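Both backbone and side-chain heavy atoms feed into the values below; hydrogens, waters and symmetry mates do not. What you are looking at is a predicted structure, and each value in this text was computed from that prediction instead of being measured. Below, read A as the first sequence line, B as the second, and so on, with proteins coming before strands; counting in each chain starts at 1.
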2 protein chains.
Amino acid sequence: MKKSSLYKGCLEPILLRLLKDNGRMYGYQMTQMVKEITKGELNITEGALYPLLHKLEEQGIVETETEMNGNRMRKYYSLTKAGKKQTAVAMDEMKAFMQSLEFIVNPKAIIG
Amino acid sequence: MKKSSLYKGCLEPILLRLLKDNGRMYGYQMTQMVKEITKGELNITEGALYPLLHKLEEQGIVETETEMNGNRMRKYYSLTKAGKKQTAVAMDEMKAFMQSLEFIVNPKAIIG
DNA sequence: AAATTATGCATAATTTTCTTATGTATTTAG
DNA sequence: CTAAATACATAAGAAAATTATGCATAATTT
């Protein structure tokens with residue numbers, strides 16, 4: 001098993017958390033921030049990131065603004081009103097998920 | 001996003017933890033125990049469980065003994081020596097994974 | 001000055017991992 | 001006596017990632 005396979009399925013809540021905390025971010029920035037926060041544990045690949053961001057935009061969860069930084073394009077993403085509601089739900093689900101997996105890292109938790 | 005998608009990639013460490021703690025288990029028993037531990041949060045489907053168990057056996061991580069319980073078959077799985085080593089590694093990875101995702105459920109953790 | 005790395009987006013092909021559906025068979029509960 | 005639970009297995013399909021590829025500019029290294 002690849003270590004990275006653990007993150008499968010968690011990318012969406014990760015992105016929602018970033019946008020919730022930082023308001024407005026562009027894709028590359030998200031990859032760098034996650035790398036920093038997780039101390040290199042998680043490196044989001046572009047092939048996973050961009051298609052997901054596009055899906056979230058289609059679903060009306062995020063909206064975009066494209067800006068030029070010198071000659072380079074940046075596409076900024078931010079949560080819509082609906083996206084903020086969805087994020088709250090996702091955070092609750094994530095919390096429940098983490099708690100239900102506690103027994104793996106701390107098996108004694110199920111005894112006491 | 002389906003709630004259950006969060007668990008993607010986590011099934012293998014879950015099974016390894018169960019076998020580590022309980023020594024010897026059969027498939028159906030694993031599904032029931034996980035359902036109980038997670039208070040119904042996680043229901044392992046047979047289509048995910050059995051193929052994975054077979055893969056782990058091929059890889060020499062688990063070994064099996066088939067027993068008859070009345071007229072019904074039970075296929076018991078237990079960790080091999082190599083499987084125990086692999087489990088220790090997997091538990092460490094799982095711990096790192098959970099910690100690196102802490103910021104999602106508890107964003108203030110990255111400040112203090 | 002040239003080459004490499006970093007920044008920044010995007011998509012296609014493939015793989016991994018799961019869900020859903022199907023199949024077989026015995027036991028228990030209503 | 002029928003439905004649900006127990007117990008295994010596999011195939012078809014979907015979901016979500018990795019890997020590979022492509023384009024382009026900026027900064028850094030050699």
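OP1 and OP2 of C:dA10 both lie 4.0 Å or more from every side-chain N or O belonging to A:Tyr50. Within the 4.0 Å cut-off from OP1 or OP2 of C:dC9, not a single side-chain nitrogen or oxygen of A:Tyr26 is found. Contact check, B:Lys75 against D:dA9: a side-chain N or O comes under 4.0 Å of OP1 or OP2. Distances shorter than 4.0 Å separate some side-chain N or O of B:His54 from OP1 or OP2 on D:dT10.
When the C1' atom of D:dA24 is taken as reference, atom CE of A:Met68 falls 10 Å away, rounded to whole Å. A:Glu12 places its CD atom 13 Å from the P atom of D:dA15, with the value rounded to the nearest Å. Here the P atom of nucleotide D:dA9 and the CD atom of B:Glu58 are 13 Å apart, to the nearest Å. In this structure, A:Leu52 places its CG atom 14 Å from P of D:dA15, rounding to the nearest Å. Between the CE atom of B:Met25 and the P atom of D:dC8 there is a distance of 11 Å, rounded to whole Å. Rounded to a whole Å, the CG atom of A:Leu49 is 13 Å from the C1' atom of D:dA16. In this entry the distance linking CZ of A:Phe97 with C1' of C:dC18 reads 14 Å, nearest Å. Spacing between atom CD1 of A:Ile44 and atom P of C:dG8 amounts to 15 Å, rounded to whole angstrom units.
Taken from OG1 in A:Thr64 to CG in A:Leu56, the straight-line distance is 12.0 Å, to the nearest 0.5 Å. In this structure, OG1 in A:Thr45 is found 9.0 Å from CG in A:Leu42, a value given to the nearest 0.5 Å. Between the CG atom in B:Asn106 and the CE atom in A:Met94 there is a gap of 12.5 Å [rounded to 0.5 Å]. Note that CG of B:Leu18 and OH of B:Tyr77 are 14.0 Å apart. Values are rounded to the nearest 0.5 Å. For the atom pair A:Asn22 CG and A:Arg17 CZ, the distance stands at 10.0 Å (nearest 0.5 Å). Note that CG of B:Leu19 is 10.5 Å distant from NZ of B:Lys84, once rounded to the nearest 0.5 Å.
For A:Lys8 against C:dT17, no side-chain N or O and base N or O form a donor-acceptor pair under 3.5 Å.
Ranking C:dC9, D:dA16, C:dT19 by closeness to the A:Lys55 side chain, first place goes to D:dA16. Here the nucleotide nearest the side chain of A:Arg74, chosen from C:dT20, D:dA16, C:dG8, is C:dG8. Taking only side-chain atoms of B:Thr45, from C-beta outward, the nucleotide of C:dT17, C:dT20, D:dC8 with the closest atom is C:dT20. Closest to the A:Glu46 side chain, of the nucleotides D:dA17, D:dA15, C:dG8, is C:dG8. The side chain of B:Met73 has D:dC8 as its nearest neighbour among C:dT11, D:dA17, D:dC8.
In terms of position along DNA chain D, the nucleotide closest to B:Pro51 lies nearer the 5' end than the nucleotide closest to the other residue of the pair B:Pro51 and A:Ala48.
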Problem set entry | Intra- and interstrand pairs of DNA chain D - dot-bracket, Watson-Crick/G-U under 3.5 Å, | marks other strand | ||||||||||||||||||||||||||||||
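With hydrogens and angles ignored, the 3.5 Å screen pairs a side-chain donor or acceptor of B:Thr80 with a backbone N or O of B:Gly60.
Clustering of Ile, Leu, Val, Met, Phe, Trp and Tyr by side-chain heavy atoms under 4.5 Å joins A:Met73 with A:Met68.
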Write out a two-atom table: protein N or O, nucleotide N or O from nucleotides 27-30 of chain C, distance below 3.5 Å.
residue : atom : partner : partner atom : Å
C:dT27  : O4'  : B:Arg72 : NH1          : 2.8

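Residue contacts for A:Gly27: at a heavy-atom cut-off of 4.0 Å it reaches the sugar-phosphate backbone alone, with no base atom in range.
The 12-atom threshold is not exceeded at CD of B:Glu36, counting heavy atoms of other residues, nucleotides or ligands nearer than 6.0 Å.
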Problem set entry | Worked check of side-chain contact (heavy atoms from CB on, under 4.5 Å) between B:Leu49 and B:Met30 | CA-CA 9 Å; B:Leu49 177 69; B:Met30 299 180 196; 4.3 Å; yes
